[in-house]
Each structure stands twice: as C-alpha cells, then as structure tokens.
Amino acid sequence: MTTGDRPTVPVSAVPDAGTSDVGAVVLLDVREHDEWALGHAPGALHIPVTDIPARLAEIDPDAELFVVCRQGGRSAVVVDYLNQNGYEALDIRGGMVAWQQAGRALVRDGDGPATVY
C-alpha cells in the first residue's frame with residue numbers, strides 16, 4: 001500500500017529486525033536520542049532524522065528496509081529521501097505509537113520499563 005507515492009506498511013507486516021527468510025531486514029528508527037532511550041524495537045538501527053544524509057552509508061541498500069518514527073511524520077520524510085537515493089524503503093504506518101499499541105517488543109536503554117508514550 002502507498003500513501004501518495006510513499007510505500008507504507010502496517011506494524012503487523014514488519015518482520016523482526018535482523019534476518020528473515022528472504023534476507024536482511026533493517027528497522028530504521030529516525031527518532032531523537034531521548035525518544036530512542038525510552039523505548040525502541042529490539043535490533044533496530046538508530047539514526048536520527050537530521051543525521052540520515054551524513055550516515056547514509058550505514059544503511060544496507062540491499063536490505064528489506066522499514067522506517068519508523070514516533071507517529072509517522074519524520075519517517076515519511078526519510079522514506080521519500082531514501083527512495084530518491086536508490087533505496088526501497090517502507091514507512092511504518094502509525095510509527096512507534098502503533099508499534100507499542102500492537103504489543104510489539106520494546107527494549108530500553110537503562111532502567112525502567114520500555115515505553116514510547
């Protein structure tokens with residue numbers, strides 16, 4: 001499914017980060033450091049949205065690439081940017097809020113329960 005020209009997927013369609021039956025899967029989290037520290041998906045790659053151009057080489061161009069932020073605004077911008085630069089990225093609808101609401105795994109840097117909101 002697409003939103004405009006942007007390919008999107010629901011949280012339920014996102015495989016766990018790492019590897020799948022078809023190859024590498026990258027879950028790219030583009031939220032800020034403080035958001036990431038409170039809770040993120042296990043195995044996700046964290047590159048804040050403003051760092052994407054400078055850190056593009058860290059993103060596997062051959063991976064199945066899913067991009068997420070808190071609710072979908074920043075990830076939409078990043079998906080458009082990546083797709084204009086030779087990647088095939090998918091935007092996760094509803095972001096990490098939808099991720100947490102769906103009961104998907106969350107981990108946290110430091111003590112306390114992992115959370116997004």
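Atom CE of residue Met96 and atom CG of residue Leu27 lie 7.0 Å apart, to the nearest 0.5 angstrom. Rounded to the nearest 0.5 Å, atoms CD (Glu32) and SG (Cys69) are 10.5 Å apart. One finds the CD1 atom of Ile92 at 9.0 Å from the CG atom of Leu28 (value rounded to the nearest 0.5 Å). A distance of 5.5 Å separates CG of Asp29 from CH2 of Trp36, quoted to the nearest 0.5 Å.
Taking the side chain as every heavy atom from C-beta outward, Val79 and Leu65 never approach each other to under 4.5 Å. Looking at heavy atoms from C-beta onward, Pro48 lies in side-chain contact with Arg55 at the 4.5 angstrom threshold. Put simply, the side chain of Leu82 reaches to within 4.5 Å of the side chain of Ile59, judged on heavy atoms. Between Val14 and Val9 there is a side-chain heavy-atom pair separated by less than 4.5 Å. A 4.5 Å side-chain heavy-atom check between Ile52 and Val30 finds at least one atom pair inside the cut-off. Side-chain atoms of Phe66 and Val26, non-hydrogen and from C-beta on, never get closer than 4.5 Å to each other.
A donor atom on one side chain and an acceptor atom on the other are not found under 3.5 Å apart for Thr8 and Asp91.
Between Leu106 and Gly39, the shortest heavy-atom contact is CD2-C, 4.3 Å. Closest non-hydrogen pair, Ala105 versus Pro42, comes out as O-CD, 3.3 Å. Between Leu56 and Tyr87, the shortest heavy-atom contact is O-OH, 3.1 Å. Of all heavy-atom pairs spanning Leu90 and Pro7, the tightest one is CD2-CB, 3.4 Å.
In this structure a side-chain-to-backbone donor-acceptor pair under 3.5 Å is missing from Gln84 to Tyr81. For the pair Arg93 (side chain) and Val11 (backbone), a donor-acceptor distance under 3.5 Å is absent. Panel note: side chain Arg74, backbone Val77; no donor-acceptor pair is recorded below 3.5 Å. Proximity of a side-chain donor or acceptor of Asn83 to a complementary backbone N or O of Ala89 within less than 3.5 Å is detected. Between the side chain of Trp99 and the backbone N or O of His40, no donor-acceptor pair lies under 3.5 Å.
The existence of a salt bridge linking Arg104 and Asp16 is confirmed by a sub-4.0 Å separation between a basic side-chain nitrogen and an acidic carboxylate oxygen.
With sequence neighbours excluded, the residues satisfying side-chain contact (heavy atoms from CB on, under 4.5 Å) with Val97 are Arg70, Gln71, Gln101, Val116, Tyr117.
The stretch residues 43-54 participates, sequence neighbours left out, in no side-chain hydrogen bond (donor to acceptor under 3.5 Å, both in side chains) pair at all.
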